[in-house]
Number of protein chains: 2
Amino acid sequence: MNDPFRALSHPIRRGIVERLAAGPATVGEATSGFGVSKPAISKHLKVLEETGVVKRVVVGRTHRLSLEPDVMSLAADWMDRQRALWERMFDVVDEYLKEDKPQ
Amino acid sequence: MNDPFRALSHPIRRGIVERLAAGPATVGEATSGFGVSKPAISKHLKVLEETGVVKRVVVGRTHRLSLEPDVMSLAADWMDRQRALWERMFDVVDEYLKEDKPQ
DNA sequence: GATATAGTTAACCTTGTGGTGAACGATCCG
DNA sequence: CGGATCGTTCACCACAAGGTTAACTATATC
């Protein structure tokens with residue numbers, strides 16, 4: 001359960017997550033059209049798997065991928081928490097940023 | 001407005017964001033106690049600023065930092081969207097992952 | 001003016017990240 | 001069996017990330 005934000009820090013990995021959010025898929029289905037080689041894809045999948053964002057089950061020669069919602073929730077919860085905080089402090093900001101506040 | 005997720009991919013930068021979510025602060029206030037040198041902090045701040053997550057106003061010899069909620073919202077919205085999707089497809093998953101689904 | 005304080009920039013090093021082509025492993029299909 | 005398909009691992013490369021120390025800029029303070 002190793003830092004889901006790291007997993008989401010690359011656009012290709014977010015793309016994969018987006019597709020899997022619509023439902024499970026094989027590697028081919030979930031990763032076509034990103035314009036990189038297969039080894040590159042394989043590494044991105046490894047990151048998603050290591051961070052616990054994606055689960056993989058090998059069936060025949062295909063690998064079936066699915067999102068692991070618990071881990072994704074950790075990141076989503078953090079964002080929600082931050083948002084709740086910052087939305088409360090709009091008014092304070094401008095004042096703080098100008099020098100008018102002497103102390 | 002360059003990939004807020006990249007900005008959030010490092011625990012120190014998330015720590016800085018957490019503190020700024022509680023209200024604006026100077027560099028010293030927002031970054032004390034992370035156990036790294038000042039140049040390291042300075043680089044993290046640069047990333048947060050380049051990605052648009054944090055705004056900086058130089059006042060005297062101090063730099064006042066504040067969160068840029070619009071950019072943070074982009075990331076938060078994305079997470080909300082994903083969450084809304086994956087929460088709808090719980091039931092389909094297990095079936096897909098087992099071989100029982102032949103076609 | 002001298003010194004302390006807030007913070008950055010410069011130069012450098014080590015490790016991680018993201019990409020490649022080539023070869024391989026395993027399964028499916030004729 | 002022979003070939004096509006799905007996907008990985010291997011060996012390699014370029015460069016970005018994250019850290020350091022040392023030096024610097026600029027403001028504040030006495």
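None of the values given here were measured: they were computed from a predicted structure. Residue numbers begin at 1 in each chain, while the letters A, B, ... track the order of the sequences.
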*asked:* List the residues meeting side chain to side chain contact (heavy atoms under 4.5 Å, CB included) with Glu18(B), not counting sequence neighbours, and say none if there are none.
replied: Trp78(A), Gln82(A)

*Between His63(B) and Ser42(B), is any pair of side-chain heavy atoms under 4.5 Å apart?*
no

Between [options], which nucleotide gets closest to the side-chain atoms of [X]?
{"X": "Arg6(B)", "options": "dA17(D), dG19(D), dT20(C)", "result": "dA17(D)"}
{"X": "Val27(B)", "options": "dG7(C), dT9(D), dG7(D)", "result": "dG7(C)"}
{"X": "His63(B)", "options": "dG7(C), dG19(D), dG18(C)", "result": "dG7(C)"}
{"X": "Lys43(A)", "options": "dT8(D), dG7(C), dC12(D)", "result": "dC12(D)"}
{"X": "Pro39(A)", "options": "dG19(C), dT9(D), dT20(D)", "result": "dT9(D)"}
{"X": "Ser42(A)", "options": "dT20(C), dT8(D), dG19(D)", "result": "dT8(D)"}
{"X": "Lys38(A)", "options": "dT20(D), dT8(D), dT20(C)", "result": "dT8(D)"}

Report the distance from atom [atom1] of [X] to atom [atom2] of [N], rounded to the nearest whole Å.
{"X": "Leu45(B)", "N": "dT9(C)", "atom1": "CG", "atom2": "P", "answer": "11 Å"}
{"X": "Ile16(B)", "N": "dG18(D)", "atom1": "CD1", "atom2": "C1'", "answer": "13 Å"}
{"X": "Glu49(A)", "N": "dT9(D)", "atom1": "CD", "atom2": "C1'", "answer": "14 Å"}
{"X": "Phe34(B)", "N": "dG7(C)", "atom1": "CZ", "atom2": "P", "answer": "14 Å"}
{"X": "Lys46(B)", "N": "dG7(C)", "atom1": "NZ", "atom2": "P", "answer": "17 Å"}
{"X": "Leu65(A)", "N": "dC6(D)", "atom1": "CG", "atom2": "P", "answer": "14 Å"}
{"X": "Ile41(A)", "N": "dT5(D)", "atom1": "CD1", "atom2": "C1'", "answer": "17 Å"}
{"X": "Glu29(B)", "N": "dT5(C)", "atom1": "CD", "atom2": "P", "answer": "16 Å"}

Can you tell me if the side-chain N/O atoms of [X] get under 4.0 Å from OP1 or OP2 in [N]?
{"X": "His10(B)", "N": "dG19(D)", "answer": "yes"}
{"X": "Arg61(A)", "N": "dT8(D)", "answer": "no"}
{"X": "His44(A)", "N": "dT17(C)", "answer": "no"}
{"X": "Arg13(A)", "N": "dG18(C)", "answer": "yes"}
{"X": "Thr62(B)", "N": "dA6(C)", "answer": "no"}

_Side-chain heavy atoms nearer than 4.5 Å, only ILVMFWY residues, links allowed to pass through others: does that put Trp86(A) and Val54(B) together?_
yes

_Quick check against the 3.5 Å criterion: does Arg14(A) have a side-chain atom that pairs as donor or acceptor with the backbone of Leu8(A)?_
yes

*Could you check Glu68(A) against Leu48(A) for side chain to side chain contact (heavy atoms under 4.5 Å, CB included), going step by step and ending with a plain yes or no?*
CA-CA 10 Å; Glu68(A) 201 71 286; Leu48(A) 289 169; over 6 Å; no

